[in-house]
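Data block below; observations after.
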Amino acid sequence: MKKLAFMLVFFIFSASLLPGIANQGANINVVVNVNNETGVVTISGTISSGANQQVTVKVISPSGQIDYLDQTTSASDGSFSFNYTLLNGQQGLYKVYVGGTGVSTVKETSFYYGSATPTPTPTSGQTPTPTSTPAPTPSPTSTPISPPPPPPPPPPITPTPTIAPTPTPTPTLTPTPTPTPMPTPTPTSTPAHTPTPTPTPAPTPSLTPTPTPTQATIPSPTPLPGAIRPQDIEQSEDGSLVSNITLEELTEGLQNAPTDLQTGRKQPVIDVRTGDPDATSKVIQQLPASFMQRHDNAQLKIETDIASVTLPQNMFASGQLQGKSLVSLTIEKIDPGSISNTNLRNQIGNRPVISLGMKIDGQPVSWENPNAPVIVEIDYEPTPEELANYEFITVWYIDGSGNIHSITNGRYDPLKGKVVFEITHMSMYAVVYNRKTFSDITTSWAKKEIEVLAAKGITSGTSSTTYSPKNNITRAEYIKLLIRTLGLTATPDHGFVDVYPTDHYYKEVGIAKSLGITVGTGNNRFNPNSHITREEMMVMTARALNLIGKINMYADTSILSQFTDNTQIAGYARQSIAALVHAGIIKGSAGKINPKGMFTREEAAAVLYRIYNLKYQ
């Protein structure tokens, strides 16, 4: 594990250097061979950009865990090769992802390890593996929900690459045609024309357009075609980078921007990087209010050396910008050493801390909109320990009094090398490594799931040191955890007569009722303190996942015939339970699904862990 962690850190460190090499549009050919006797896997191929190119590989086991992650440099002919022995020797279908310098789309293929080796169908654009073939569609397992279930599949590789160099801005997007923004020493080549007898240009004034970042050192997570380089970028006297963009530039960028495959929205990108991350501590992006008050199906991504921030166009309420001219977003890097709270400062260490702020026509505003989250991505290089347990990397919101609040959706993406999170208000945010555990989960089969959810602030113990994994969970407790895990928001409907404003689950139950996740138990009651049955849990969970488009609610119910007690499933619940079984959320136990049984706290952690990963895959 230590060796693997070291290799992972090397991968992240090396990936951060990729944008400095402008080999966009490179292709990768991949061939995978596996020895079914020894478990040795060879992954080889070529990268079209040639010698000394970074090549990264990630292998996901049939249970959804990272089995191998490493990086190498291509040989003189562009060839590369990885060799490793399967981590646990698990039989089944393994997925392989390979990316590299300048590769616009990460390549995906697979291999099958075990006694049976059916023929795989290569993913579009992939090189088929000669000796490994995909397994037939696996039949639903009867793995109990009580034993450790396999986590959801790894994040899919979409046409939007996650490890790719930042495209070099074209000359037409540079702030000015000035050949060099700074005085240069004696030139090494004859200039095309000689404006003065002296080859050294006059010193540039302090307020000058920022030079085009032709060799940016921070990778761009999604280098979309048609990125906009504002014509007006200046360095202010306090060192802030101020970027102004016109309505015409944004309108043209929106028209030319492709549609993001995950969100279905158009996403123009404003590129205001300088190429020197250490030299920029604050970026102010000025945006025309007339553009931001449009409620098109679009989102605007701002790439900076500090972080990338994606703004939805519906982030402001209708009419909020009426008569306004300018919206300013401030992205500032905060020195962790400046935090006055000693304990908090020690917990953060030297990890990134940023502050986000908003102004309208120069006046600070307290923007908050739970229905229009802003997406933030920060480059981060974990330590070996952190990388080996990267699910414990999360994000804290630090309020004005120095109190911390967990951002439950804060997570580290090892392929991007970034911490990603969503926010609904502007404030200060810190990347943290938050390893948590409880004294009574040492032998629990759901130990990891419990710890990860606790680290993210989704669940908590029954005391500061205990979790009580075998205890049954109540209806109110499960609804609260479900809403927090998925980050669902809505105007709460507080119509249940037995749910009170003083209850700690009041808000979440109201959101669940408003969204139709629960309709109560009749007579306008919810029975919050009754223990929830597995059947009730599955129906509520299916409704929630259907809201975010993560399951097929019309799944074939014949899949339930694998469970010997399927006749005990209530008619109203069969479709929901079938959908969850198809999605791999529910596995059953010893050939049974036990619909009328009580649902325990450790079972809840296992299910919530799976749906968390399903949402963010």
Side-chain angles (χ1 to χ4, degrees), residues 218 238-240 277-278 280-285 302 304-311 315 328-359 363-370 372-383 386 389-413 418-436 451-461 464 483-485 487 489 504 507 612 616:
I218 291 185
D238 65 357
S240 301
D278 294 330
T280 306
S281 60
K282 182 189 291 187
V283 175
I284 301 173
Q285 178 61 58
I302 302 168
T304 79
D305 294 312
I306 302 169
S308 68
V309 180
T310 303
L311 308 175
M315 65 183 297
S328 301
L329 172 68
T330 299
I331 307 169
E332 184 173 4
K333 184 190 303 181
I334 303 298
D335 178 8
S338 66
I339 297 175
S340 58
N341 185 311
T342 304
N343 290 334
L344 177 58
R345 185 171 65 246
N346 291 337
Q347 286 179 290
I348 295 172
N350 61 356
R351 301 179 186 92
V353 181
I354 68 169
S355 176
L356 300 175
M358 186 76 70
K359 291 182 179 180
Q363 298 299 313
V365 293
S366 298
W367 174 83
E368 184 171 359
N369 188 342
V374 168
I375 302 171
V376 183
E377 295 176 305
I378 305 175
D379 286 276
Y380 181 59
E381 183 180 328
T383 66
E386 291 173 352
N389 303 280
Y390 66 86
E391 289 180 292
F392 297 100
I393 299 174
T394 186
V395 179
W396 286 346
Y397 147 53
I398 305 171
D399 65 22
S401 300
N403 300 313
I404 62 172
H405 309 267
S406 294
I407 303 298
T408 57
N409 60 67
R411 60 205 182 277
Y412 177 74
D413 187 325
K418 292 179 178 289
V419 173
V420 184
F421 57 104
E422 299 175 8
I423 61 173
T424 57
H425 63 277
M426 299 291 172
S427 189
M428 185 186 298
Y429 299 91
V431 174
V432 293
Y433 180 69
N434 189 29
R435 193 73 187 260
K436 298 195 70 169
E451 290 178 336
V452 170
L453 294 181
K456 295 184 182 299
I458 292 172
T459 188
S460 58
S464 60
I483 296 300
R484 287 176 62 80
T485 299
T489 60
H504 66 87
K507 175 183 175 181
Y612 181 92
Y616 295 114

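The main-chain N or O of L344 is found under 3.5 Å from a side-chain atom of N341 such that the two form a donor-acceptor pair. At least one donor-acceptor pair closer than 3.5 Å links the side chain of N346 to the backbone N or O of T342. Formation of a donor-acceptor pair under 3.5 Å by the W367 side chain with backbone atoms of M315 is found in this model. The backbone N or O of G410 lies less than 3.5 Å from a partner atom in the side chain of K456, making a donor-acceptor pair.
When side chains are defined from C-beta on, I393 counts as touching P382, because their heavy atoms get closer than 4.5 Å. V309 is listed as a side-chain neighbour of L356, based on a closest heavy-atom distance under 4.5 Å. The shortest distance between side-chain heavy atoms of K282 and T330 falls below 4.5 Å. The closest side-chain heavy-atom distance from W396 to N434 is below 4.5 Å. Looking only at side-chain heavy atoms (C-beta outward), Y429 and V376 stay at 4.5 Å or farther from each other. No side-chain heavy atom of I354 sits less than 4.5 Å from a side-chain heavy atom of I334. Residues M426 and L329 have side chains in contact (heavy-atom distance under 4.5 Å, counting atoms from C-beta outward). Taking 4.5 Å as the limit, some side-chain heavy atom of E451 sits within range of a side-chain heavy atom of F392.
Only one option out of T304, I306, D305 pairs with K333 in a side chain to side chain contact (heavy atoms under 4.5 Å, CB included); it is I306.
Salt bridge absent: K418 and D413 never bring a charged side-chain N and a carboxylate O closer than 4.0 Å. Taking a cutoff of 4.0 Å between a charged side-chain nitrogen and a carboxylate oxygen, E386 and R435 do not qualify as a salt bridge.
Atoms CZ and CD1, from F421 and I407 in turn, are 7.5 Å apart once rounded to the nearest 0.5 Å. Rounded to the nearest 0.5 Å, atoms OG (S460) and NZ (K436) are 8.0 Å apart. With values rounded to the nearest 0.5 angstrom, S340 atom OG is found 8.0 Å from R345 atom CZ. Rounding to the nearest 0.5 Å places CD1 of I331 at 12.5 Å from OG of S281.
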Mind running side chain to side chain contact (heavy atoms under 4.5 Å, CB included) on T394 and V432 for me, showing each step along the way? CA-CA 6 Å; T394 186; V432 293; 3.7 Å; yes

Apply side chain to side chain contact (heavy atoms under 4.5 Å, CB included) to the pair I398 and I348, showing each step before the final yes or no. CA-CA 11 Å; I398 305 171; I348 295 172; 4.0 Å; yes

Between R351 and Y433, is a side-chain hydrogen bond (donor to acceptor under 3.5 Å, both in side chains) present by the stated rule, with each step listed? CA-CA 9 Å; R351 301 179 186 92; Y433 180 69; over 6 Å; no

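Minimum heavy-atom separation, T424 to P370: CG2-CA, 3.6 Å. For the pair G349 and P336, the tightest heavy-atom approach, listed with the atom from each and the gap, is O-CB, 3.3 Å. Closest non-hydrogen pair, E422 versus I375, comes out as CG-CG1, 4.1 Å. Residue I378 comes nearest to A307 through the heavy atom pair CG1-CB, 4.0 Å, listed as atom of the first residue, atom of the second, then distance.
Donor-acceptor pairing under 3.5 Å is recorded for the side chains of E377 and S308.
Figure legend: cation-pi geometry between R411 and Y616, with NZ or CZ positioned under 6.0 Å from the six-membered ring centre and within 45° of its axis.
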